[in-house]
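Reckoned from all heavy atoms, side chains included, excluding hydrogens, waters and symmetry mates. When a residue number appears, it is its place in the shown sequence, counting from 1.
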Amino acid sequence: MDQYRIDSHKLMYHVPRVHEWLQGKNIYPIYMEISPTGACNHRCVFCAKDFMGYEKKSLDIAMMKERLKEMAALGVRSIMFAGEGEPLLHEHFAEMVKYTKACGMDVAITTNGVLLGDALSSKILDQVEWIKVSINAGTKETYAKIHRAPKKDFDQVIENIAKAARRNENHHGRCVIGMQMLLLPENRHEAATLAKIAREAGAKYLVIKPYSQHHASETKIYEEISYEDSMELADLLETFNSDRFRVVFRANAMRHWDKGELGFPHCLALPFWSYVDSSGNLWGCSAYLKDDRLLYGNLYDQNFKEIWEGEKRKKAVSDVETKPIVDQCRVNCRMGEINRYLWALKVPPPHVNFI
């Protein structure tokens with residue numbers, strides 16, 4: 001059972017915000033993804049945001065504190081630190097996490113885990129709802145090829161996860177530490193190996209997810225990948241499940257990928273989330289980075305409210321909701337399931353009263 005609804009969505013738990021949206025009111029996002037830095041210590045072969053250039057630039061901590069406080073006051077409920085770089089490389093990352101939590105927002109982190117050592121873990125674990133570590137192999141040899149990183153990073157990441165899990169357990173922490181593998185031809189045979197490692201390390205779950213082609217990505221080698229022959233893995237991986245560990249095999253997302261379908265004509269999800277890049281640009285969607293159509297503004301130049309209520313964002317949302325901009329959307333984008341849910345509300349099927 002996918003108790004965290006990783007292969008689904010959780011928008012139904014925000015009924016008041018959805019109701020306001022259905023009434024045509026301006027709403028603020030529930031969730032935001034923030035990229036603290038553009039720098040990255042790995043060069044993964046599948047990287048969707050390779051076109052951003054891994055620039056060594058970082059968000060100013062003073063500016064971000066002002067904006068984070070404002071976001072929380074306006075109704076933003078959660079922040080995931082991830083983005084086009086490795087978030088843990090930010091010089092003031094722990095401070096940013098603590099301040100975000102102090103403002104009243106839930107915090108999550110997606111990371112490659114190399115820098116998640118004792119010093120950092122001790123500062124942030126009690127501030128964070130979940131940490132998801134991207135580790136795309138079950139052996140150090142395959143890991144080095146896919147992450148294009150030193151073999152020793154594999155052992156370091158597993159050690160960091162195990163230590164963080166023990167610290168969390170010993171302090172009765174609420175942080176859920178999980179792992180994620182992007183399923184590729186090069187690592188498919190190591191999925192079960194990684195599941196065993198993840199369970200023994202103390203992770204709460206391992207996500208096995210499909211590749212998703214970013215239209216702007218320089219990487220094209222996996223754009224024709226198929227998961228039709230990978231479904232049999234689900235039964236094998238289920239044998240690792242216990243009351244303390246689950247493998248979340250994203251079969252639903254894999255089927256959408258193989259069919260090449262979005263499942264909706266236009267995007268309705270933009271009001272519910274947004275993306276901040278490492279230059280402070282506020283975007284409607286990470287699939288459209290460097291596409292000015294979905295650039296709302298810059299947090300260095302304006303505060304969050306000014307941008308969110310500005311004419312540029314309003315026009316962008318209106319265009320996306322009514323025009324076929326989705327021709328450049330990613331299959332299995334983060335808002336895919338939410339879009340299917342919103343369209344079912346916006347255009348309900350017949351006989352809805354027969355529940």
Requested in this report: Considering only NZ, NE, NH1 and NH2 on the basic side and carboxylate oxygens on the acidic side, decide whether Lys101 and Asp106 come within less than 4.0 Å.
Outcome: yes
Query raised in the report: Cation-pi between Arg43 and Tyr54: NZ/CZ under 6.0 Å from ring centre and within 45° of the ring axis?
Result: yes
Query - Rounded distance (nearest 0.5 Å) linking atom CZ of Phe264 with atom CZ of Arg340 - result: 6.0 Å
**Report entry** Pair Lys315 + Glu311: basic N to acidic O under 4.0 Å
**Finding:** no
**Report entry** Salt-bridge contact Glu232-Arg188 (side-chain N to carboxylate O under 4.0 Å)
**Finding:** yes
Report task. Using the side chain to side chain contact (heavy atoms under 4.5 Å, CB included) rule, take Leu270 and Arg313 through it: C-alpha gap first, then chi angles, then the decisive distance, then the call. Result -> CA-CA 10 Å; Leu270 296 193; Arg313 189 195 75 88; 6.0 Å; no
Requested in this report: Using the side chain to side chain donor-acceptor pair (under 3.5 Å) rule, take Glu86 and Thr37 through it: C-alpha gap first, then chi angles, then the decisive distance, then the call.
Outcome: CA-CA 7 Å; Glu86 167 51 50; Thr37 179; over 6 Å; no
Query - Minimum side-chain heavy-atom gap Trp257-Gln213 below 4.5 Å - result: yes
Query - Ser121 side chain near Leu116 side chain, heavy-atom distance below 4.5 Å - result: yes
**Report entry** Quiz item: cation-pi between Lys346 and Trp21, 6.0 Å / 45°
**Finding:** yes
Requested in this report: For Glu223, look at atom CD and say whether over 12 heavy atoms of other residues, nucleotides or ligands are found less than 6.0 Å away.
Outcome: yes
Query raised in the report: Nearest 0.5 Å, what's the OH-CZ distance between Tyr222 and Phe46?
Result: 8.5 Å
Query - Side chains of Arg5 and Met12 in contact at under 4.5 Å (non-hydrogen atoms) - result: yes
Report task. Using the side-chain hydrogen bond (donor to acceptor under 3.5 Å, both in side chains) rule, pick out the option among Lys57, Glu55, His90, Glu84 that qualifies with Ser278. Result -> Glu84
Query raised in the report: Around Lys220, counting heavy atoms of other residues, nucleotides and ligands shown, do more than 12 lie under 6.0 Å from its NZ?
Result: yes
Query raised in the report: Do Lys98 and Glu95 meet the salt-bridge criterion of a basic N to acidic O distance under 4.0 Å?
Result: no
